[in-house]
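To start, the structure itself, in C-alpha cells.
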Amino acid sequence: MNEPTPHPDAGLDALFALARSHRPDTSAAEYAFETRLMARLRARQNTPDASSIWATVSWRFIPLFAACILALTIWQAESASDTTDAVSIASLDNPVAAYFGSN
Amino acid sequence: MVSANSSTPDEQLVEATLAGDDSAFVELTLRHKSRIFGIASRFARDAGELEDICQEVFVQAYFKLRQYRRDSPFEHWILRITTHKCYDYLRKRRRGGASISVDAMLESGYEPSAPELPAPHPDLERLHAALAQLSPKERLVITLLELEERSVQEIAGLTGWSAVNVKVRAFRARAALRKLMEKQK
C-alpha cells in the first residue's frame, strides 16, 4: 500500500504552529504602559492642535471680517454712484453720443 | 467616580471615562493591554515600534470613545483599532522603501534605544523574513489567520473586508509565502 503523500503546505503549517507556540514575550514592554499612556494623553490634552488654534483665531477675527465687508460694501456703493454721475456728466458734454448710447 | 475593579464591566468603565474619570480608562488599559501587545508584537519590528503601535491604539480609543457603540463588546472595538493601526504601520513601512541594513544604520551614528524582539528559533527567523516580504494586506490576513488563529468571519469583522475577500487574500498570501520559503531553501 502506498504511503500517504505529505500535504504540500505541511512545512508551512509546521512553521505556523511553531510561531504560535513562540508568542513574543511583551511583559517588559507592558511594564508601566498605562503610566506612559496617561502622561501622553495629558500632554496631548494640554497642547492644542492646529485645528483648534485655527477655530479660536477665526472666531476672534469675526468682527474684523465683518468690518471689512461693511467697508467694501460702502465703498462699492459709493463708487457705483460715482460711475452713474460720470455717465450723466459725459452725456451733457456729448449729447449726440448720449442719444445713440441711450438708443 | 466609578471604583474601577476587576468586576466592573467594560461598558461602565467607558461611561465613567466619558464622564471624565481617567482612572476608569487606566483600568480599561490594564485589562486589554496584554491582548493588544500580543497582536501588535506579531507586526512590530522592535520594542520601540511595539510601544508606538500600542500607544496609538489606546490614544485613538480614548479620543474616539464617543464613537464606540455598545452593540458589541469593548474588546472587539479596540481589537478593530489595533488591526487598523498594525495595517497602517505595515503600509508606512512599505512606503518607506527597502529596510536599511544594520551596518548602514550604525555607520550613520544610529544607536538602538530599544531592544529588538528576539526570534527564538532559526526557522522562525526564516518565517519572519518571508512574512516581511509580503504585501501589507497579505501579511495582515495570514498573521491573523495562522498565527492569531482568528476565523475568516472574525478577520472580516476586524478589517472591514468581506469574508470572500479575506479567503482570497489568505489563499494568495499562503501561495506567496510558500514561494518565498522555497526561495530561501
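Order of the sequence lines sets the chain letters (A, B, ...), proteins ahead of strands, with each chain counted from 1. Worth saying up front: this structure is predicted, and the values here are computed from it rather than measured. Scope of the values below: all heavy atoms of this structure, side chains included, with no hydrogens, waters or symmetry mates.
For B:I39, the part sitting under 4.5 Å from any heavy atom of chain A is the backbone (N, CA, C, O) and nothing else. Only the side chain of B:Y62 comes within contact range of chain A, judged by heavy atoms closer than 4.5 Å.
Rounding to the nearest 0.5 Å gives a distance of 10.5 Å between CG of B:L147 and OG of A:S21. How far CG of B:L50 is from OG1 of A:T26: 6.5 Å, rounded to the nearest 0.5 Å. A:E34 contributes atom CD, which lies 9.5 Å from atom CZ of B:F58 (distance to the nearest 0.5 angstrom). A distance of 8.5 Å separates CG of B:L127 from CG of A:L18, quoted to the nearest 0.5 Å.
Between B:E51 and A:R36 there is a salt bridge, since a side-chain N of the basic residue sits under 4.0 Å from a carboxylate O of the acidic one.
Ranked by heavy-atom pairs under 4.5 Å with chain A, the first of B:I142, B:V59, B:V26 is B:V59. Interface check for chain B: of the options A:R23, A:M38, A:R42, the most heavy-atom pairs under 4.5 Å are formed by A:R23.
The hydrophobic cluster containing B:F171 does not contain B:L131, counting ILVMFWY residues as joined when their side-chain heavy atoms lie under 4.5 angstrom apart, directly or transitively. Note: the hydrophobic cluster containing B:V168 does not contain B:L145 (ILVMFWY, side chain heavy atoms under 4.5 Å, direct or indirect links).
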> Taking it one step at a time, do A:L12 and B:E146 satisfy side-chain contact (heavy atoms from CB on, under 4.5 Å)?
Replying inline: CA-CA 10 Å; A:L12 208 52; B:E146 302 292 354; over 6 Å; no
> Please walk me through it: do B:E149 and A:F16 pass side-chain contact (heavy atoms from CB on, under 4.5 Å)?
Replying inline: CA-CA 10 Å; B:E149 291 186 291; A:F16 286 142; over 6 Å; no
> Under the side-chain contact (heavy atoms from CB on, under 4.5 Å) criterion, do A:H22 and B:D123 qualify, and how do the steps go?
Replying inline: CA-CA 11 Å; A:H22 283 88; B:D123 283 346; over 6 Å; no
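Within a 6.0 Å radius of CZ in A:R40, more than 12 heavy atoms belonging to other residues, nucleotides or ligands are found.
Seen from the ring of B:F63, A:R44 counts as a face-on cation partner, given the 6.0 Å and 45° thresholds.
Of the possible polar contacts, one joining the B:K33 side chain to the A:E30 backbone as a donor-acceptor pair under 3.5 Å is found. Side-chain atoms of A:R20 never come within 3.5 Å of backbone atoms of B:E148 as a donor-acceptor pair (strictly under, hydrogens ignored).
Among all heavy-atom pairs drawn from B:Q55 and A:L37, the shortest one is O-CD1, 3.9 Å.
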